[in-house]
Undergrad: 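Take a look at the following structure, please.
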Amino acid sequence: AACAEAPTVEAATCDSGVCTLGSCVAGRDDCNDSLEDGCETDLTSDASSCGSCGNACLVGNVCEESGCLPTSAIEWILPFEGAPPETAFHTASNGRVFVSGAAEGSFTIGGETEPVRGSSDAFLLAASEAGEVAWLLRFGAAGDEYGFNRVAATSTRVFVGGQFSPAGRASFGGPELVSNRTGGEDMVLAAYDAETGAHVWSRRYNSNYFRAEHVAIAGDTLCVVGRREGGVFVGGFSTDDGERRWVRSLGSDLAVTSVIGRNVGTALCTVSGAFRGSVDFGDGPVDAESGTAFEATYDASGLRSLLTATSPGRSNVLHSGGPGTPASILASDLRISWEDGDYDFAGRDDGLVVWRQGILEPSWGFAIPFAGSIQAATIGTTADRTSIAIFGTGSFDIGGGSLAVDGLRTLLVDFERGELASVVVWGGDAAVTRSRITVDADGSQYHLVANFGTAQLGRQSISSAGSELLLVRRLL
(Lines give C-alpha, C1' and ligand atoms only; values in the text may rest on other atoms or scores of the structure.)
Protein backbone atom coordinates (compact mmCIF):
# COMPACT_ATOMS: atom_id res chain seq x y z
CA ALA A 1 0.00 0.00 0.00
CA ALA A 2 1.17 3.51 -0.70
CA CYS A 3 2.20 5.76 2.16
CA ALA A 4 -0.49 8.25 3.09
CA GLU A 5 0.77 11.77 2.50
CA ALA A 6 -0.26 14.67 4.71
CA PRO A 7 -0.98 18.01 3.00
CA THR A 8 2.41 19.31 4.17
CA VAL A 9 4.31 16.31 2.71
CA GLU A 10 5.43 16.56 -0.87
CA ALA A 11 6.63 12.98 -1.18
CA ALA A 12 6.93 9.87 1.00
CA THR A 13 8.33 6.44 0.08
CA CYS A 14 7.72 2.93 1.33
CA ASP A 15 10.77 0.77 2.02
CA SER A 16 10.19 -2.73 3.39
CA GLY A 17 6.86 -1.70 4.78
CA VAL A 18 8.25 1.42 6.46
CA CYS A 19 7.17 4.84 5.30
CA THR A 20 10.00 7.35 4.93
CA LEU A 21 9.63 11.08 4.40
CA GLY A 22 10.94 12.13 1.04
CA SER A 23 10.41 15.87 1.02
CA CYS A 24 8.21 18.60 2.45
CA VAL A 25 6.25 21.27 0.66
CA ALA A 26 7.98 24.64 0.49
CA GLY A 27 8.21 26.37 3.85
CA ARG A 28 7.60 23.21 5.91
CA ASP A 29 9.86 20.65 7.58
CA ASP A 30 9.73 17.55 9.77
CA CYS A 31 11.45 18.91 12.86
CA ASN A 32 10.29 16.18 15.26
CA ASP A 33 11.36 13.26 13.01
CA SER A 34 7.85 11.79 13.00
CA LEU A 35 5.97 10.98 9.84
CA GLU A 36 2.73 10.67 11.79
CA ASP A 37 2.19 14.43 11.73
CA GLY A 38 4.03 14.95 8.45
CA CYS A 39 5.98 18.16 7.98
CA GLU A 40 4.50 19.67 11.10
CA THR A 41 6.66 22.80 11.37
CA ASP A 42 5.94 25.99 9.45
CA LEU A 43 9.42 27.42 8.92
CA THR A 44 7.94 30.70 7.71
CA SER A 45 6.26 31.59 11.02
CA ASP A 46 7.45 29.27 13.83
CA ALA A 47 9.64 31.34 16.18
CA SER A 48 11.26 28.17 17.57
CA SER A 49 12.29 26.95 14.09
CA CYS A 50 12.46 29.99 11.86
CA GLY A 51 13.88 29.22 8.42
CA SER A 52 15.29 25.90 9.63
CA CYS A 53 14.62 23.38 12.40
CA GLY A 54 15.89 24.57 15.77
CA ASN A 55 16.68 28.12 14.65
CA ALA A 56 14.94 29.94 17.51
CA CYS A 57 14.26 33.66 17.32
CA LEU A 58 15.49 35.84 20.14
CA VAL A 59 13.02 36.82 22.84
CA GLY A 60 10.91 39.74 21.63
CA ASN A 61 11.19 38.65 17.98
CA VAL A 62 8.74 36.91 15.66
CA CYS A 63 9.24 34.73 12.59
CA GLU A 64 7.98 36.21 9.34
CA GLU A 65 8.70 34.76 5.90
CA SER A 66 11.36 32.44 7.40
CA GLY A 67 13.25 35.32 9.02
CA CYS A 68 13.37 36.56 12.62
CA LEU A 69 12.20 40.16 13.01
CA PRO A 70 11.71 42.29 16.13
CA THR A 71 8.23 43.17 17.32
CA SER A 72 9.51 46.70 17.98
CA ALA A 73 9.47 49.17 15.12
CA ILE A 74 11.37 52.28 14.04
CA GLU A 75 8.88 55.16 13.99
CA TRP A 76 11.15 57.79 12.49
CA ILE A 77 14.78 58.68 11.76
CA LEU A 78 16.10 62.25 11.81
CA PRO A 79 19.52 62.46 10.10
CA PHE A 80 22.33 64.90 10.97
CA GLU A 81 24.64 64.83 7.99
CA GLY A 82 28.08 65.95 9.17
CA ALA A 83 27.29 66.12 12.90
CA PRO A 84 29.79 64.57 15.34
CA PRO A 85 29.04 61.15 16.87
CA GLU A 86 29.72 62.20 20.47
CA THR A 87 26.61 64.36 20.62
CA ALA A 88 24.45 64.17 23.78
CA PHE A 89 20.69 64.08 24.04
CA HIS A 90 17.79 63.93 26.50
CA THR A 91 14.01 63.54 26.39
CA ALA A 92 11.51 65.49 28.46
CA SER A 93 7.95 64.85 29.63
CA ASN A 94 6.48 67.09 26.93
CA GLY A 95 7.54 64.56 24.29
CA ARG A 96 10.41 66.59 22.90
CA VAL A 97 13.94 65.35 22.37
CA PHE A 98 16.84 67.72 23.00
CA VAL A 99 20.20 67.19 21.30
CA SER A 100 23.37 69.13 22.08
CA GLY A 101 26.94 69.01 20.90
CA ALA A 102 29.81 70.77 19.17
CA ALA A 103 29.84 70.95 15.38
CA GLU A 104 33.28 71.12 13.79
CA GLY A 105 31.90 71.57 10.30
CA SER A 106 28.67 72.43 8.53
CA PHE A 107 25.89 69.90 8.96
CA THR A 108 22.46 69.39 7.42
CA ILE A 109 19.34 68.65 9.43
CA GLY A 110 15.70 68.86 8.44
CA GLY A 111 16.73 69.77 4.91
CA GLU A 112 18.59 72.89 6.08
CA THR A 113 22.39 73.25 6.05
CA GLU A 114 23.89 74.98 9.07
CA PRO A 115 27.30 76.63 8.52
CA VAL A 116 29.99 76.65 11.19
CA ARG A 117 31.29 80.10 11.98
CA GLY A 118 34.38 79.05 13.95
CA SER A 119 36.54 76.00 14.44
CA SER A 120 33.77 74.56 16.62
CA ASP A 121 30.22 75.77 17.26
CA ALA A 122 27.94 74.71 20.09
CA PHE A 123 24.42 73.73 19.09
CA LEU A 124 21.16 72.81 20.83
CA LEU A 125 18.28 71.21 18.95
CA ALA A 126 14.70 70.45 19.94
CA ALA A 127 12.96 67.70 17.96
CA SER A 128 9.25 67.03 18.24
CA GLU A 129 7.66 63.68 19.08
CA ALA A 130 6.94 63.36 15.34
CA GLY A 131 10.62 63.68 14.42
CA GLU A 132 10.51 67.26 13.15
CA VAL A 133 12.89 70.09 14.07
CA ALA A 134 11.10 72.38 16.54
CA TRP A 135 13.97 74.82 16.99
CA LEU A 136 17.75 74.95 16.60
CA LEU A 137 20.26 77.22 18.35
CA ARG A 138 23.86 77.76 17.18
CA PHE A 139 26.60 79.59 19.07
CA GLY A 140 30.06 80.45 17.80
CA ALA A 141 32.24 83.06 16.16
CA ALA A 142 35.15 83.07 13.74
CA GLY A 143 38.19 81.40 15.26
CA ASP A 144 36.39 80.52 18.49
CA GLU A 145 35.63 77.09 19.96
CA TYR A 146 32.32 76.38 21.66
CA GLY A 147 30.93 73.07 22.83
CA PHE A 148 27.93 71.66 24.69
CA ASN A 149 28.94 68.29 26.17
CA ARG A 150 25.71 67.28 27.93
CA VAL A 151 22.06 68.21 28.13
CA ALA A 152 19.29 67.62 30.70
CA ALA A 153 15.70 68.74 30.45
CA THR A 154 12.37 69.08 32.22
CA SER A 155 9.06 69.83 30.53
CA THR A 156 9.79 73.57 30.79
CA ARG A 157 13.58 74.04 30.84
CA VAL A 158 16.60 72.68 28.98
CA PHE A 159 20.00 72.80 30.69
CA VAL A 160 23.32 72.37 28.92
CA GLY A 161 26.91 72.23 30.12
CA GLY A 162 30.09 72.71 28.14
CA GLN A 163 32.96 75.06 27.55
CA PHE A 164 34.27 77.85 25.36
CA SER A 165 37.72 79.18 24.60
CA PRO A 166 37.16 82.52 22.88
CA ALA A 167 39.34 85.60 22.64
CA GLY A 168 37.86 87.01 25.83
CA ARG A 169 34.12 87.09 25.05
CA ALA A 170 31.29 84.72 24.20
CA SER A 171 27.51 84.75 24.03
CA PHE A 172 25.12 81.83 24.38
CA GLY A 173 21.95 83.75 23.60
CA GLY A 174 22.19 86.21 26.49
CA PRO A 175 24.66 88.84 27.73
CA GLU A 176 28.28 88.43 26.71
CA LEU A 177 30.37 86.22 28.97
CA VAL A 178 33.82 87.73 29.54
CA SER A 179 36.83 85.49 30.11
CA ASN A 180 39.98 86.55 31.93
CA ARG A 181 41.96 83.57 30.66
CA THR A 182 44.71 83.91 28.11
CA GLY A 183 44.30 80.31 26.91
CA GLY A 184 42.52 77.06 27.59
CA GLU A 185 38.80 76.69 28.25
CA ASP A 186 36.15 78.19 30.51
CA MET A 187 33.17 76.20 31.79
CA VAL A 188 29.70 77.39 30.84
CA LEU A 189 26.23 76.36 32.01
CA ALA A 190 23.08 77.63 30.31
CA ALA A 191 19.30 77.24 30.46
CA TYR A 192 16.69 77.67 27.70
CA ASP A 193 12.92 77.54 27.42
CA ALA A 194 11.93 74.02 26.33
CA GLU A 195 9.03 75.22 24.18
CA THR A 196 10.63 78.11 22.30
CA GLY A 197 14.39 77.85 22.82
CA ALA A 198 14.46 81.33 24.36
CA HIS A 199 17.50 82.09 26.50
CA VAL A 200 16.82 81.97 30.27
CA TRP A 201 20.30 82.29 31.72
CA SER A 202 23.92 81.48 30.97
CA ARG A 203 26.96 81.69 33.22
CA ARG A 204 30.69 81.43 32.91
CA TYR A 205 32.61 80.24 35.96
CA ASN A 206 35.97 81.44 37.19
CA SER A 207 39.13 80.38 35.43
CA ASN A 208 39.65 77.39 37.75
CA TYR A 209 36.74 75.62 36.01
CA PHE A 210 37.55 74.27 32.55
CA ARG A 211 34.43 72.45 31.33
CA ALA A 212 31.23 70.65 32.33
CA GLU A 213 31.18 67.01 31.20
CA HIS A 214 27.92 65.67 32.70
CA VAL A 215 24.72 67.36 33.91
CA ALA A 216 21.54 66.08 35.58
CA ILE A 217 18.56 67.57 37.40
CA ALA A 218 17.68 66.99 41.07
CA GLY A 219 14.72 69.20 41.95
CA ASP A 220 15.98 72.79 41.97
CA THR A 221 19.61 71.66 41.73
CA LEU A 222 21.62 71.07 38.58
CA CYS A 223 24.14 68.29 39.26
CA VAL A 224 27.37 68.93 37.33
CA VAL A 225 30.50 66.84 36.89
CA GLY A 226 33.40 68.55 35.19
CA ARG A 227 37.08 69.40 35.15
CA ARG A 228 38.91 72.14 36.98
CA GLU A 229 42.39 72.69 38.36
CA GLY A 230 43.17 69.61 40.42
CA GLY A 231 41.04 67.21 38.41
CA VAL A 232 37.39 66.10 38.53
CA PHE A 233 34.70 67.86 40.54
CA VAL A 234 31.03 67.27 41.32
CA GLY A 235 28.82 70.19 42.23
CA GLY A 236 25.31 71.45 42.77
CA PHE A 237 24.18 74.59 40.91
CA SER A 238 20.88 76.46 41.04
CA THR A 239 18.46 75.68 38.21
CA ASP A 240 17.03 79.20 38.62
CA ASP A 241 20.17 81.16 37.72
CA GLY A 242 23.19 78.79 37.69
CA GLU A 243 24.58 79.99 41.03
CA ARG A 244 27.12 77.60 42.51
CA ARG A 245 25.81 76.03 45.74
CA TRP A 246 28.43 73.41 46.61
CA VAL A 247 31.41 71.70 44.99
CA ARG A 248 33.43 68.62 45.93
CA SER A 249 36.86 67.92 44.41
CA LEU A 250 37.58 64.28 43.56
CA GLY A 251 41.11 64.49 42.17
CA SER A 252 42.55 63.22 38.90
CA ASP A 253 42.80 59.44 39.41
CA LEU A 254 39.26 58.65 38.30
CA ALA A 255 37.05 58.73 35.22
CA VAL A 256 33.38 59.64 35.63
CA THR A 257 30.97 58.07 33.14
CA SER A 258 27.72 59.70 34.31
CA VAL A 259 25.82 61.66 36.91
CA ILE A 260 22.18 61.27 37.90
CA GLY A 261 20.03 63.54 40.02
CA ARG A 262 17.29 62.59 42.47
CA ASN A 263 15.09 64.71 44.71
CA VAL A 264 14.10 62.85 47.90
CA GLY A 265 13.43 65.82 50.14
CA THR A 266 17.00 66.84 49.46
CA ALA A 267 18.82 67.03 46.15
CA LEU A 268 21.10 64.02 45.60
CA CYS A 269 23.79 63.87 42.92
CA THR A 270 25.19 60.40 42.18
CA VAL A 271 28.37 60.07 40.13
CA SER A 272 29.75 56.80 38.79
CA GLY A 273 32.74 55.51 36.86
CA ALA A 274 36.10 53.89 37.61
CA PHE A 275 39.19 54.89 39.62
CA ARG A 276 42.68 53.76 40.52
CA GLY A 277 45.21 54.70 43.14
CA SER A 278 43.98 56.72 46.09
CA VAL A 279 40.83 58.86 45.85
CA ASP A 280 39.16 60.81 48.65
CA PHE A 281 35.45 60.77 47.85
CA GLY A 282 34.76 62.80 50.96
CA ASP A 283 35.21 60.39 53.87
CA GLY A 284 38.93 59.72 53.70
CA PRO A 285 41.17 58.13 51.05
CA VAL A 286 40.04 54.95 49.31
CA ASP A 287 42.80 52.89 47.71
CA ALA A 288 42.21 50.67 44.70
CA GLU A 289 43.94 49.02 41.81
CA SER A 290 43.12 49.98 38.24
CA GLY A 291 39.66 48.82 37.25
CA THR A 292 37.65 49.58 40.41
CA ALA A 293 34.14 50.82 39.72
CA PHE A 294 32.49 53.33 42.04
CA GLU A 295 29.17 54.98 42.74
CA ALA A 296 29.23 58.01 45.04
CA THR A 297 26.18 60.03 46.15
CA TYR A 298 26.44 63.63 47.38
CA ASP A 299 24.22 66.36 48.72
CA ALA A 300 24.98 69.84 50.00
CA SER A 301 26.38 68.40 53.26
CA GLY A 302 28.88 66.10 51.54
CA LEU A 303 29.22 62.39 50.77
CA ARG A 304 26.04 60.40 51.50
CA SER A 305 27.08 56.94 50.29
CA LEU A 306 29.87 55.14 48.44
CA LEU A 307 29.76 51.76 46.71
CA THR A 308 32.74 50.14 44.99
CA ALA A 309 33.23 46.96 42.95
CA THR A 310 36.65 45.55 42.11
CA SER A 311 37.44 43.21 39.23
CA PRO A 312 40.70 41.80 37.82
CA GLY A 313 40.43 44.07 34.79
CA ARG A 314 38.57 47.11 33.50
CA SER A 315 35.23 48.01 35.04
CA ASN A 316 32.94 50.99 34.68
CA VAL A 317 29.54 51.90 36.05
CA LEU A 318 27.18 53.53 33.57
CA HIS A 319 24.08 55.18 35.00
CA SER A 320 20.80 56.51 33.76
CA GLY A 321 18.09 58.38 35.59
CA GLY A 322 14.49 57.92 34.48
CA PRO A 323 10.96 58.60 35.69
CA GLY A 324 11.38 55.63 38.07
CA THR A 325 14.42 54.42 39.95
CA PRO A 326 17.86 54.56 38.33
CA ALA A 327 19.55 51.57 36.75
CA SER A 328 23.17 50.80 36.03
CA ILE A 329 25.53 48.76 33.90
CA LEU A 330 28.77 47.41 35.30
CA ALA A 331 31.14 46.34 32.53
CA SER A 332 34.04 44.25 33.73
CA ASP A 333 36.31 41.24 33.33
CA LEU A 334 35.71 37.81 34.85
CA ARG A 335 34.32 38.12 38.37
CA ILE A 336 32.56 40.90 40.27
CA SER A 337 31.58 41.02 43.92
CA TRP A 338 28.85 43.55 44.64
CA GLU A 339 26.85 44.23 47.75
CA ASP A 340 23.75 42.47 46.39
CA GLY A 341 25.59 39.31 45.38
CA ASP A 342 28.44 37.70 43.53
CA TYR A 343 28.39 37.50 39.72
CA ASP A 344 30.66 34.81 38.30
CA PHE A 345 31.12 34.74 34.53
CA ALA A 346 32.36 31.13 34.57
CA GLY A 347 35.61 31.62 32.75
CA ARG A 348 34.23 33.84 30.00
CA ASP A 349 36.48 36.71 28.95
CA ASP A 350 34.19 39.54 29.95
CA GLY A 351 30.72 40.32 31.19
CA LEU A 352 28.10 42.94 31.88
CA VAL A 353 25.98 43.20 34.99
CA VAL A 354 22.77 45.18 34.66
CA TRP A 355 21.03 46.08 37.87
CA ARG A 356 18.09 48.17 38.98
CA GLN A 357 18.33 50.00 42.26
CA GLY A 358 16.47 52.17 44.67
CA ILE A 359 18.11 54.92 46.66
CA LEU A 360 20.96 52.71 47.89
CA GLU A 361 20.34 49.00 47.30
CA PRO A 362 19.70 47.04 44.08
CA SER A 363 16.28 45.43 43.60
CA TRP A 364 17.37 43.02 40.83
CA GLY A 365 20.41 42.13 38.77
CA PHE A 366 21.07 40.39 35.46
CA ALA A 367 24.42 39.08 34.22
CA ILE A 368 25.38 38.92 30.52
CA PRO A 369 28.65 36.99 30.06
CA PHE A 370 30.39 37.40 26.72
CA ALA A 371 33.54 36.38 24.90
CA GLY A 372 34.65 39.12 22.57
CA SER A 373 34.82 42.88 22.68
CA ILE A 374 32.44 45.61 23.83
CA GLN A 375 33.26 49.11 22.61
CA ALA A 376 30.30 50.90 24.20
CA ALA A 377 27.35 50.14 26.48
CA THR A 378 24.58 52.59 27.34
CA ILE A 379 21.40 52.42 29.41
CA GLY A 380 17.99 54.09 29.75
CA THR A 381 15.04 53.60 32.09
CA THR A 382 11.36 54.17 32.77
CA ALA A 383 9.48 53.20 35.93
CA ASP A 384 9.08 49.59 34.75
CA ARG A 385 11.51 49.16 31.86
CA THR A 386 15.30 49.05 31.69
CA SER A 387 16.95 49.13 28.25
CA ILE A 388 20.60 48.79 27.30
CA ALA A 389 22.48 49.08 24.02
CA ILE A 390 25.72 47.12 23.56
CA PHE A 391 28.08 47.84 20.66
CA GLY A 392 30.52 45.01 20.18
CA THR A 393 31.34 41.65 18.67
CA GLY A 394 31.66 38.08 19.90
CA SER A 395 29.50 35.57 21.72
CA PHE A 396 26.92 36.75 24.25
CA ASP A 397 25.00 34.63 26.76
CA ILE A 398 21.67 36.39 27.21
CA GLY A 399 19.10 34.65 29.36
CA GLY A 400 20.73 31.24 28.95
CA GLY A 401 20.86 31.42 25.16
CA SER A 402 24.07 31.98 23.21
CA LEU A 403 24.10 34.71 20.57
CA ALA A 404 27.06 34.90 18.20
CA VAL A 405 27.67 38.33 16.69
CA ASP A 406 29.82 38.36 13.57
CA GLY A 407 31.45 41.76 13.15
CA LEU A 408 30.63 44.88 15.15
CA ARG A 409 26.92 45.05 15.83
CA THR A 410 24.52 46.83 18.18
CA LEU A 411 22.49 44.69 20.59
CA LEU A 412 19.41 46.24 22.18
CA VAL A 413 18.35 44.38 25.33
CA ASP A 414 15.13 45.29 27.16
CA PHE A 415 13.96 44.24 30.62
CA GLU A 416 10.43 44.57 31.99
CA ARG A 417 10.31 44.63 35.81
CA GLY A 418 13.53 42.64 35.96
CA GLU A 419 12.52 40.04 33.36
CA LEU A 420 14.18 39.80 29.96
CA ALA A 421 11.65 41.19 27.45
CA SER A 422 13.42 41.46 24.10
CA VAL A 423 16.78 41.25 22.30
CA VAL A 424 17.28 43.01 18.96
CA VAL A 425 20.39 43.05 16.77
CA TRP A 426 21.14 46.04 14.55
CA GLY A 427 23.65 45.20 11.85
CA GLY A 428 25.67 46.71 9.05
CA ASP A 429 27.59 49.95 9.31
CA ALA A 430 25.54 51.52 12.12
CA ALA A 431 26.80 51.95 15.68
CA VAL A 432 24.83 53.30 18.64
CA THR A 433 26.98 56.08 20.10
CA ARG A 434 28.23 56.33 23.65
CA SER A 435 25.46 58.76 24.52
CA ARG A 436 22.93 57.00 26.72
CA ILE A 437 19.56 55.77 25.57
CA THR A 438 16.67 57.98 26.59
CA VAL A 439 13.25 56.46 27.15
CA ASP A 440 9.85 58.18 27.25
CA ALA A 441 7.33 57.34 29.94
CA ASP A 442 5.39 55.32 27.33
CA GLY A 443 8.45 53.14 26.74
CA SER A 444 9.49 54.61 23.39
CA GLN A 445 13.25 54.79 22.99
CA TYR A 446 15.55 57.34 21.39
CA HIS A 447 19.00 56.38 20.13
CA LEU A 448 21.82 58.31 18.53
CA VAL A 449 23.26 56.13 15.77
CA ALA A 450 26.45 56.80 13.82
CA ASN A 451 26.05 55.30 10.34
CA PHE A 452 28.82 54.96 7.77
CA GLY A 453 27.09 53.20 4.88
CA THR A 454 24.29 50.64 4.79
CA ALA A 455 22.72 49.21 7.94
CA GLN A 456 19.71 47.21 9.08
CA LEU A 457 17.89 48.68 12.09
CA GLY A 458 15.49 45.88 12.91
CA ARG A 459 12.94 45.90 10.08
CA GLN A 460 14.27 49.05 8.45
CA SER A 461 17.21 49.47 6.09
CA ILE A 462 19.12 52.75 5.98
CA SER A 463 21.85 54.02 3.70
CA SER A 464 24.20 56.99 4.07
CA ALA A 465 26.56 58.37 1.45
CA GLY A 466 29.12 59.21 4.15
CA SER A 467 29.34 59.59 7.90
CA GLU A 468 25.94 60.49 9.29
CA LEU A 469 24.44 60.82 12.76
CA LEU A 470 20.88 59.53 13.09
CA LEU A 471 18.38 60.32 15.84
CA VAL A 472 16.12 57.26 15.95
CA ARG A 473 12.77 56.83 17.72
CA ARG A 474 11.98 53.16 18.40
CA LEU A 475 8.56 51.96 19.52
CA LEU A 476 8.61 48.94 21.84
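Please read these numbers as outputs of a predicted model, since none were measured by experiment. Count residues from 1 along the sequence. Excluded from the calculations below are hydrogen atoms, water molecules and symmetry mates; all remaining heavy atoms, backbone and side chain alike, are included.
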Undergrad: What closest approach, in Å, do Asp414 and Ser422 show between heavy atoms, and which atom pair accounts for it?
TA: OD2-OG, 2.7 Å

Undergrad: Could you tell me which residues satisfy salt bridge (charged side-chain N to carboxylate O under 4.0 Å, His left out) with Glu243, sequence neighbours excluded, listed by chain and number?
TA: none

Undergrad: What is the distance from atom CD of Glu295 to atom CD1 of Ile260, rounded to the nearest 0.5 Å?
TA: 7.0 Å

Undergrad: Using 0.5 Å steps for rounding, measure from the CG atom of Leu420 to the CD1 atom of Ile398.
TA: 7.5 Å

Undergrad: Could you tell me if the side chain of Asp186 sits less than 4.5 Å from the side chain of Leu177, heavy atoms only?
TA: no

Undergrad: Could you please spell out the steps behind the ring pair (Phe, Tyr, Trp, His ring centres under 6.0 Å) verdict for Phe139 and Phe164?
TA: CA-CA 10 Å; Phe139 306 105; Phe164 69 99; over 10 Å; no

Undergrad: Do any N or O atoms from the side chain of Ser278 and from the backbone of Asp287 form a donor-acceptor pair under 3.5 angstrom?
TA: no

Undergrad: Start with the C-alpha gap between Leu448 and Leu471, add the side-chain angles, then the distance that decides, and say whether side-chain contact (heavy atoms from CB on, under 4.5 Å) holds.
TA: CA-CA 5 Å; Leu448 282 175; Leu471 177 62; 3.9 Å; yes

Undergrad: Counting distance only, does the side-chain N/O of Asp241 pair as donor-acceptor with the main-chain N or O of Trp201 below 3.5 Å?
TA: no

Undergrad: Can the ring centres of Phe98 and Tyr192 be said to be less than 6.0 Å apart?
TA: no

Undergrad: Distance check, rounded to the nearest 0.5 Å: Asp283 atom CG versus Ser305 atom OG?
TA: 11.0 Å

Undergrad: Using side-chain contact (heavy atoms from CB on, under 4.5 Å), reason through Phe294 and Val286 one step at a time and then give a plain yes or no.
TA: CA-CA 11 Å; Phe294 74 89; Val286 177; over 6 Å; no

Undergrad: Can you name the closest pair of heavy atoms from Asp299 and Ala267 and give their distance?
TA: CB-O, 3.3 Å

Undergrad: Mind checking what makes side-chain hydrogen bond (donor to acceptor under 3.5 Å, both in side chains) contact with Arg473, not counting sequence neighbours?
TA: Glu75, Asp440, Ser444, Tyr446

Undergrad: On a heavy-atom basis, which atom in Asn149 and which in Gly162 lie closest, and how many Å separate them?
TA: ND2-CA, 3.7 Å

Undergrad: Would you mind writing out the side-chain donor-acceptor pairs for residues 214-227 within the sub-3.5 Å range, not counting sequence neighbours?
TA:
unit_1	atom_1	unit_2	atom_2	d
His214	NE2	Val256	O	3.2
Asp220	OD1	Arg245	NH1	3.3
Thr221	OG1	Arg245	NH1	3.0

Undergrad: Would you find a donor on one side and an acceptor on the other, under 3.5 Å apart, between the side chain of Asp253 and the backbone of Val279?
TA: no

Undergrad: What distance separates Thr410 OG1 from Gln456 CD, expressed to the nearest 0.5 Å?
TA: 13.0 Å

Undergrad: If you draw a 6.0 Å radius around CG in Asp193, do more than 12 non-hydrogen atoms from other residues or ligands fall strictly inside?
TA: yes

Undergrad: For Val151 and Val99, run side-chain contact (heavy atoms from CB on, under 4.5 Å): C-alpha distance rounded to whole Å, both residues' side-chain angles, the deciding distance at 0.1 Å, then the answer.
TA: CA-CA 7 Å; Val151 58; Val99 184; over 6 Å; no

Undergrad: Between Pro70 and Arg459, is any pair of side-chain heavy atoms under 4.5 Å apart?
TA: yes

Undergrad: Does Ala194 offer a backbone N or O that forms a donor-acceptor pair with the side chain of Arg96 under 3.5 Å?
TA: yes

Undergrad: Kindly check if the number of other-residue, nucleotide or ligand heavy atoms within 6.0 Å of CD (Glu419) is above 12?
TA: no

Undergrad: Here's a test for you: under side chain to side chain contact (heavy atoms under 4.5 Å, CB included), which of Ile77, Val424, Leu412, Val425 qualifies with Leu457?
TA: Ile77

Undergrad: Does some side-chain heavy atom of Phe396 sit less than 4.5 Å from a side-chain heavy atom of Val423?
TA: no

Undergrad: Write down the atom of Pro175, the atom of His199, and the distance for their closest heavy-atom approach.
TA: CD-CE1, 4.2 Å

Undergrad: Has Tyr298 got a side-chain atom pairing as donor or acceptor with Phe281's backbone, closer than 3.5 angstrom?
TA: yes

Undergrad: Check whether any side-chain N or O of Arg228 sits under 3.5 Å from a backbone N or O of Arg211 as a donor-acceptor pair, and report yes or no.
TA: no

Undergrad: Between Trp426 and Val449, is a side-chain contact (heavy atoms from CB on, under 4.5 Å) present by the stated rule, with each step listed?
TA: CA-CA 10 Å; Trp426 284 357; Val449 178; 3.7 Å; yes

Undergrad: So does Ala198 get a backbone contact from the side chain of Trp135, meaning a donor-acceptor N/O pair under 3.5 Å?
TA: no

Undergrad: Looking at every non-hydrogen atom in both residues, tell me the closest pair between Trp246 and Cys269 and how far apart they are.
TA: CZ2-SG, 3.9 Å

Undergrad: Hey, what do you get for CD (Gln163) to OH (Tyr205), rounding to the nearest 0.5 Å?
TA: 14.0 Å

Undergrad: Out of curiosity, Asp280 CG to Arg248 CZ, how far, rounded to the nearest 0.5 Å?
TA: 11.5 Å

Undergrad: Can Phe237 and Phe159 be said to form a ring pair (Phe, Tyr, Trp, His ring centres under 6.0 Å), step by step?
TA: CA-CA 11 Å; Phe237 297 75; Phe159 302 93; over 10 Å; no

